[in-house]
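The block underneath contains the structure these notes are about, expressed in structure tokens.
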Amino acid sequence: MGFDLFEWVERFDNIVSIVVGTVAVLAMVGGSAAWQRRRPGRVAETVDSVRALVTVQRDTVPAHAYQFLDGSVAALSAIYVRQRVVPGVGPIGPAQAVEADRLLHTDAHLLLVGAAGSGKTTFVGHAVRELARGFTGTGRGRGGALEEVGLALPATALVDRSLPEVLAEAYRFGVPTLSTGQPPGRHGRWLVLVDGVDRVGDPNVRSRVLGQLREWAARVDHPYRLLLTTRPLAGEEATALRPYFAEHHLLPFDSDDVSTFARRWFRDRVPDPDRAARDADRFRIDLARVELAELDGNPLLVTLAALSWERRPGTLPPGPAELLDRFVPHLIESGAPAVDEVAAVLGRRGDPGTAVAAWLDEQVERLCEAAGTGWLRDRAAVAAAVDWANAHAPVPPGGLLRDWPGRVRALLVATGLYVPRGADVEPLTRAVAEYLAAGEMARSWREDEWLGLMAEPATRGTAAFALARAGRATEPALARLAGGTGPQVLAAGRLVGAGIPMSVEVRDMVLVALLRHWQAGEGALAAECLAVLRDLAEAPGVRRAVFGIAADSRWPRQVRRAANTFVAVPSLHQPTSD
């Protein structure tokens with residue numbers, strides 16, 4: 001049996017491999033470095049060592065931040081989409097979006113902020129390679145700027161260690177004459193890319209790491225320019241960095257980026273160019289139907305969607321729930337170091353603490369679910385998670401750790417599913433909160449409760465995710481919705497639009513119900529039914545189905561009349577322009 005396409009290796013942010021991949025190949029050129037060390041000119045040795053380093057970076061830096069067990073994902077050079085940034089509230093002020101590569105051609109120290117899966121580590125790998133590709137050894141880059149060579153390292157390596165010490169250790173293999181404490185050339189400098197500041201989970205430890213980075217940014221007696229990447233930091237941490245680092249935020253994929261990604265992805269994956277182009281177009285159209293709001297611009301989720309689409313080519317993606325089934329657990333795993341830190345502190349509280357630590361290791365997803373429920377209810381995510389843990393743990397953790405609420409907040413942020421918001425947190429998107437909150441409902445399924453929640457716009461998203469997470473048969477549920485109240489019929493229509501698999505019989509049942517309520521002319525409800533019908537009719541199969549209903553004597557006369565009107569008046573079944 002082969003590996004599942006969606007299984008991942010252990011780490012999410014794979015920055016360590018950028019260093020390890022470089023030094024491993026440098027070890028292979030160690031023999032040539034040995035004769036260089038015997039040469040009398042130390043400067044010449046250093047220059048030759050830098051040239052050896054950039055040659056390896058140009059050719060062998062791992063190209064994709066997400067490593068898949070089946071090894072089938074293309075190199076970044078084949079599918080990379082140029083990323084864009086907007087300045088934050090740092091010293092350079094607001095401006096229009098620019099290509100992220102511009103950050104490689106400035107004198108400022110930089111803070112690059114992006115949500116989980118937004119491509120921060122991908123940019124680090126890309127930046128190292130781009131700098132290596134442009135390296136001339138003359139010491140001057142574009143416009144006479146200092147020529148830079150990239151050195152990447154994980155922020156976690158700086159815990160209780162100095163920056164020069166970590167760099168010297170990471171890059172000493174293979175070419176011992178390489179001195180990262182000296183400029184890489186007469187007029188050059190190192191661009192040190194410190195990836196994943198947020199992965200230093202303990203706030204006190206992270207404060208020390210940030211303090212060291214601020215000190216280096218304030219000094220001028222060294223050959224480093226710093227570029228830090230992180231998920232959103234707590235307000236006070238970001239504020240402390242801004243006097244020293246120009247803050248930028250990665251923009252999500254827009255529709256053009258998704259199209260570019262699709263073209264490059266399928267061109268690399270499909271040998272026949274014509275079929276690759278057709279698959280790219282079909283994937284892009286199908287992805288637009290998966291209702292994930294803000295998340296559809298997330299590069300990680302788009303990659304997951306492409307892999308999912310390949311498993312069932314020619315069909316719709318499986319829907320937002322199945323994509324989040326892979327997205328959410330993967331991000332929760334990325335917070336494992338923060339869980340380990342809390343477990344270590346609990347372990348020092350005797351047997352009760354050890355029991356809670358073991359429990360917490362198994363219950364992180366439930367903790368995130370409780371936070372999602374609390375945020376949807378009254379925007380109090382941390383308090384809800386704290387209360388849930390105190391109620392369900394073997395011993396209330398709040399009685400063992402006085403700073404338990406703060407540690408819960410740090411755990412939630414460490415997963416990337418939540419971002420700091422004052423003293424509390426908020427979910428990456430509302431869809432993520434609804435997916436998480438649906439967990440308990442899915443485990444204790446009650447159909448009548450579900451029907452009621454589907455009828456309410458505020459709870460419809462959570463209920464839809466609960467249906468998928470419960471593994472319930474969708475067709476009976478859709479049939480009950482289609483035979484219910486007007487709001488329930490609207491909910492059924494939106495589920496059809498989300499691409500949930502169903503038979504044509506059930507789909508037509510939902511279309512008939514929407515037509516019936518639209519024909520009844522009940523004010524706002526009729527307008528909403530028409531809006532849902534218009535959205536659904538963008539799919540040719542749905543338009544043909546409505547034509548069929550208009551001519552099918554099985555349906556009541558008023559339904560057939562409504563279908564005839566809908567198909568006969570173009571303005572009714574064509575999207576309106578805003």
Side-chain angles (χ1 to χ4, degrees), residues 11-16 65-66 83-86 88-90 100 103 110-125 152-159 193-203 205-207 209-210 213 226-242 245 247-253 294-295 297-301 327-339 341 364 367-368 371-372 375 381-382 406-429 431-433 436:
R11 308 278 308 176
F12 170 53
D13 286 333
N14 205 33
I15 186 63
V16 176
Y66 313 125
Q83 294 164 284
R84 292 165 299 123
V85 296
V86 290
V89 294
L103 304 183
L110 299 164
L111 177 66
L112 183 61
V113 182
S118 61
K120 300 179 297 298
T121 297
T122 295
F123 179 73
V124 168
L153 58 92
T156 52
L158 293 173
V159 174
L193 300 115
V194 182
D195 192 54
V197 169
D198 57 282
R199 294 185 70 89
V200 183
D202 187 302
V205 177
R206 188 168 60 248
S207 176
V209 170
L210 292 175
L213 293 169
L226 304 179
L227 190 157
L228 319 182
T229 77
T230 183
R231 295 172 185 172
L233 295 169
E236 61 274 13
E237 293 176 327
T239 299
L241 287 174
R242 285 171 186 147
F245 293 86
E247 182 177 338
H248 288 72
H249 293 254
L250 273 174
L251 288 178
F253 273 8
E294 306 97 321
L295 269 183
N298 184 287
L300 173 57
L301 196 74
F327 184 78
V328 168
H330 191 47
L331 293 191
I332 288 174
E333 177 61 26
S334 76
V339 178
E341 289 177 4
V364 177
L367 193 74
C368 292
W375 184 84
V382 171
R407 291 189 177 274
V408 168
R409 180 178 182 271
L411 281 177
L412 295 173
V413 171
T415 65
L417 294 168
Y418 294 90
V419 296
R421 190 64 66 219
D424 212 306
V425 297
E426 67 178 30
L428 190 59
T429 69
V432 165
L436 291 167

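Computed from a predicted model, the values in this text were never measured in an experiment.
Residues passing the side-chain hydrogen bond (donor to acceptor under 3.5 Å, both in side chains) test with E237, sequence neighbours excluded: R206. In terms of the side-chain contact (heavy atoms from CB on, under 4.5 Å) criterion, residue partners of A336 (sequence neighbours excluded) are, by chain and number, E333. Scanning for side-chain hydrogen bond (donor to acceptor under 3.5 Å, both in side chains) contacts around R84 gives D254, D257, with sequence neighbours left out. Under the side-chain contact (heavy atoms from CB on, under 4.5 Å) criterion, V159 pairs with V200, V205, V209, sequence neighbours left out. The salt bridge (Lys or Arg N to Asp or Glu O under 4.0 Å) search around E426 returns R421, not counting sequence neighbours. Contacts of T229 classified as side-chain hydrogen bond (donor to acceptor under 3.5 Å, both in side chains), with partners at least two apart in sequence or in another chain: D195.
Side chains of L153 and L193 form no contact here, defined as non-hydrogen atoms less than 4.5 Å apart. Between L412 and C368 the shortest side-chain heavy-atom distance falls below 4.5 Å. Looking at heavy atoms from C-beta onward, V425 lies out of side-chain contact with V419 at the 4.5 angstrom threshold. For the pair L251 and V85, the minimum side-chain heavy-atom distance is 4.5 Å or more. Proximity of H248 to V86: side-chain heavy atoms (C-beta onward) are nowhere separated by under 4.5 Å.
Residues A155 and G196 approach most closely at CB-O, 3.6 Å, considering heavy atoms. Scanning both residues, L112 and K120, for their nearest heavy atoms gives O-CD, 4.4 Å. Between L331 and S334, the shortest heavy-atom distance links the atoms O-OG, 2.5 Å. Of all the heavy atoms in P337 and R199, the pair that sits closest is CG-NH2, 4.2 Å. Heavy-atom minimum distance, G114 versus P232: O-CD, 3.6 Å. In terms of heavy atoms, W375 sits closest to A433 at CE3-CB, 3.9 Å.
A donor-acceptor distance shorter than 3.5 angstrom exists from the side chain of N298 to the backbone of A116, with no hydrogens or angles considered.
With rounding to the nearest 0.5 Å, the separation of CG in L241 from CG in L111 is 5.5 Å. To the nearest 0.5 Å, atom CG of residue L428 and atom CZ of residue R231 are 9.0 Å apart. Distance check, rounded to the nearest 0.5 Å: CD1 of I332 to CG of L417 gives 5.5 Å. Taking CD of E236 as the reference point, atom OG of S207 lies at 9.5 Å (rounded to 0.5 Å). The CZ atom of F245 lies 9.0 Å from the CG atom of L227; values are rounded to the nearest 0.5 Å.
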Working for side-chain contact (heavy atoms from CB on, under 4.5 Å), residues Y418 and V432
CA-CA 9 Å; Y418 294 90; V432 165; 5.8 Å; no
Could you walk me through whether L110 and L226 pass the side-chain contact (heavy atoms from CB on, under 4.5 Å) test, one step at a time?
CA-CA 6 Å; L110 299 164; L226 304 179; over 6 Å; no
Residues D424, R409; criterion side-chain contact (heavy atoms from CB on, under 4.5 Å); working and verdict:
CA-CA 7 Å; D424 212 306; R409 180 178 182 271; 5.8 Å; no
CA sep, side-chain torsions, deciding dist, call: T230, V194, side-chain contact (heavy atoms from CB on, under 4.5 Å):
CA-CA 9 Å; T230 183; V194 182; over 6 Å; no
